[in-house]
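Only this structure's heavy atoms are used, side chains among them; waters, hydrogens and symmetry mates stay out.
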Amino acid sequence: MDAFLTKAQNIHTIEEATSLLWEKIPSPLPSTIKALELALTAHDGQKRKSGEPYIIHPILVAAITAVFSNDETMVQAALLHDVVEDTSFDLEDLEREFGDDVTHMVEGLTKIVEIRDEELAAAGSNERLINSALTFRKMLIASIKDIRVLVIKLCDRLHNMLTLDALSPEKQIRIAEETLVVYAPIAHRLGISRMKNHLEDLSFYYIYPEDYKLIDDYIKKNAQNLQFKMNAFIQKVKKQIVQEGFDEDEFEIFGRVKHYYSIYMKMHRKGVSIEEVLDLLAVRVIVKEPI
């Protein structure tokens, strides 16, 4: 996942974005190809803040959506998610071309933008962002009944966070704060831990850059030692599981360094330095059959 997001973050042409999408959907449905063609037409000539063609964004949102779901109608909705809001195409056009299901999701994604505009405090407002963001999150959860719409929106926000460098520092912090208060908790609520972790760490990078650097420097400096500890612990766990009667092909063990924001929160909750955090590593055991 990390390698995929790094690749997506460094894509700057329509050709590269399309190639990554087809890498995730090697045999796309004709309707998915048609969705891409319509999105290319609808967004033709539009640019992002970075100056890049706008269409790169929905294509990469669709690619990210394909990573988190094997529902190709969601990928089609991701390709078309900004069409109604930002172009001359409307919901009737989409329904005629793609049917009710895709149109329903695009309508839900457009509704999220409307709710955000109504509930989220404007940048120049004196109201604290966190207060309006909490209200926005509640409205979002209450109003959007189709979980697929929320998943696509999370993929949309993840790509926005990956490309936040094009914005001013003020906007970077504001969007990062919104992500931390609104979208990361929704990802957690939906059980998409990988999404939650990435959204939190990207937000952390912009909101508390010095704390992020402190943790990043420590993890990189101690990478070899942490890997050694992880390997040793995995072997110990594996041995114990085999002793309990499992065959080695009946389970898998994955280890990782905990994500930076969770380390930061642990440091602050316990009032300790990173050197004093004892559980920097996490191990997950997945069995083929429920126990």
Side-chain angles (χ1 to χ4, degrees), residues 1-10 20 23-24 63-64 66-70 151 154-155 157-159 161-162 176 179-180 183-291:
M1 185 64 181
D2 288 346
F4 167 78
L5 291 179
T6 299
K7 188 173 182 179
Q9 189 174 24
N10 290 292
L20 185 63
E23 182 182 308
K24 295 302 167 187
I64 295 170
V67 170
F68 285 96
S69 172
N70 59 5
V151 173
L154 291 174
C155 295
R157 178 50 60 118
L158 180 54
H159 184 251
M161 291 300 299
L162 289 171
T179 301
L180 201 57
Y183 295 103
I186 290 176
H188 177 67
R189 184 165 179 160
L190 295 179
I192 314 175
S193 59
R194 288 186 301 166
M195 176 76 76
K196 167 187 169 288
N197 293 346
H198 283 296
L199 290 174
E200 286 182 342
D201 279 356
L202 287 164
S203 300
F204 179 36
Y205 173 82
Y206 286 101
I207 300 170
Y208 304 114
E210 292 181 3
D211 293 305
Y212 184 98
K213 186 177 185 305
L214 184 149
I215 293 172
D216 188 48
D217 288 346
Y218 180 87
I219 296 299
K220 287 177 178 176
K221 181 180 178 181
N222 293 275
Q224 188 173 0
N225 185 44
L226 288 169
Q227 188 64 52
F228 175 79
K229 287 182 178 180
M230 187 185 300
N231 292 342
F233 184 66
I234 287 175
Q235 288 304 313
K236 188 175 180 179
V237 171
K238 183 177 181 179
K239 181 179 178 182
Q240 183 64 42
I241 293 175
V242 170
Q243 287 177 351
E244 293 293 329
F246 284 84
D247 291 332
E248 289 191 15
D249 63 351
E250 293 179 327
F251 65 91
E252 292 181 277
I253 304 177
F254 301 92
R256 62 174 175 83
V257 176
K258 288 190 174 179
H259 71 287
Y260 288 9
Y261 186 67
S262 69
I263 295 172
Y264 170 78
M265 292 301 291
K266 190 177 292 290
M267 289 165 58
H268 277 257
R269 280 197 303 267
K270 296 188 174 182
V272 297
S273 67
I274 189 169
E275 290 83 2
E276 297 172 283
V277 176
L278 300 177
D279 53 341
L280 291 174
L281 305 176
V283 170
R284 176 174 296 171
V285 181
I286 300 179
V287 294
K288 286 187 176 180
E289 299 293 335
I291 299 176

Would you name the heavy atoms of [X] and [Y] that are closest together and state the gap between them?
X: Leu158; Y: His198; result: CD1-CB, 4.0 Å
X: Ala66; Y: Lys24; result: CB-CB, 3.9 Å
X: Cys155; Y: Phe68; result: SG-CD1, 4.1 Å
X: Ile274; Y: Met267; result: N-CE, 3.8 Å
X: Met195; Y: Ala187; result: CG-CB, 3.8 Å
X: Met230; Y: Gly255; result: SD-C, 3.3 Å

Query raised in the report: Going by distance alone, is a donor N or O of one side chain under 3.5 Å from an acceptor N or O of the other, for Ser273 and Glu276?
Result: yes

Query raised in the report: Considering the options Ile192, Ile64, Thr179, which one meets the side chain to side chain contact (heavy atoms under 4.5 Å, CB included) requirement together with Leu154?
Result: Ile192

Enter the distance from [X]:[atom1] to [Y]:[atom2] here, rounded to the nearest 0.5 Å.
X: Arg194; Y: His259; atom1: CZ; atom2: NE2; answer: 14.0 Å
X: Leu199; Y: Tyr261; atom1: CG; atom2: OH; answer: 12.0 Å
X: Ile263; Y: Lys258; atom1: CD1; atom2: NZ; answer: 8.0 Å
X: Ile186; Y: Arg157; atom1: CD1; atom2: CZ; answer: 10.0 Å
X: Phe246; Y: Lys238; atom1: CZ; atom2: NZ; answer: 14.5 Å
X: Asn197; Y: Leu202; atom1: CG; atom2: CG; answer: 11.0 Å

Requested in this report: Could you please spell out the steps behind the side-chain contact (heavy atoms from CB on, under 4.5 Å) verdict for Tyr264 and Asp201?
Outcome: CA-CA 10 Å; Tyr264 170 78; Asp201 279 356; over 6 Å; no

Requested in this report: Could you give me the CA-CA distance, side-chain angles and deciding distance for Glu200 and Ser203, then say whether side chain to side chain donor-acceptor pair (under 3.5 Å) is met?
Outcome: CA-CA 5 Å; Glu200 286 182 342; Ser203 300; over 6 Å; no

Query - Tyr208, OH: over 12 other non-hydrogen atoms inside 6.0 angstrom - result: no

Report task. Using a cut-off of 6.0 Å, state whether more than 12 heavy atoms not belonging to Arg256 lie near its atom CZ. Result -> yes

Identify every side-chain donor-acceptor pair in residues 218-228 under 3.5 Å, counting partners at least two apart or on other chains, and give the distances.
residue : atom : partner : partner atom : Å
Lys220  : NZ   : Asp216  : OD2          : 3.0
Asn222  : ND2  : Tyr218  : O            : 2.8
Gln227  : NE2  : Asn231  : OD1          : 3.0

Query raised in the report: Between the side chain of Lys288 and the main-chain N/O of Asp249, is any donor-acceptor distance below 3.5 Å?
Result: yes

Report task. Look at the aromatic rings of Tyr205 and Tyr212 and report parallel, tilted or perpendicular, splitting at 30° and 60°. Result -> perpendicular

Query raised in the report: Are any non-hydrogen side-chain atoms of Leu281 and Phe233 less than 4.5 angstrom apart?
Result: no

Query raised in the report: With side chains defined as the heavy atoms from C-beta onward, is the minimum distance between Gln243 and Lys239 less than 4.5 Å?
Result: yes

**Report entry** Worked check of side-chain contact (heavy atoms from CB on, under 4.5 Å) between Phe204 and Ile215
**Finding:** CA-CA 11 Å; Phe204 179 36; Ile215 293 172; 3.9 Å; yes

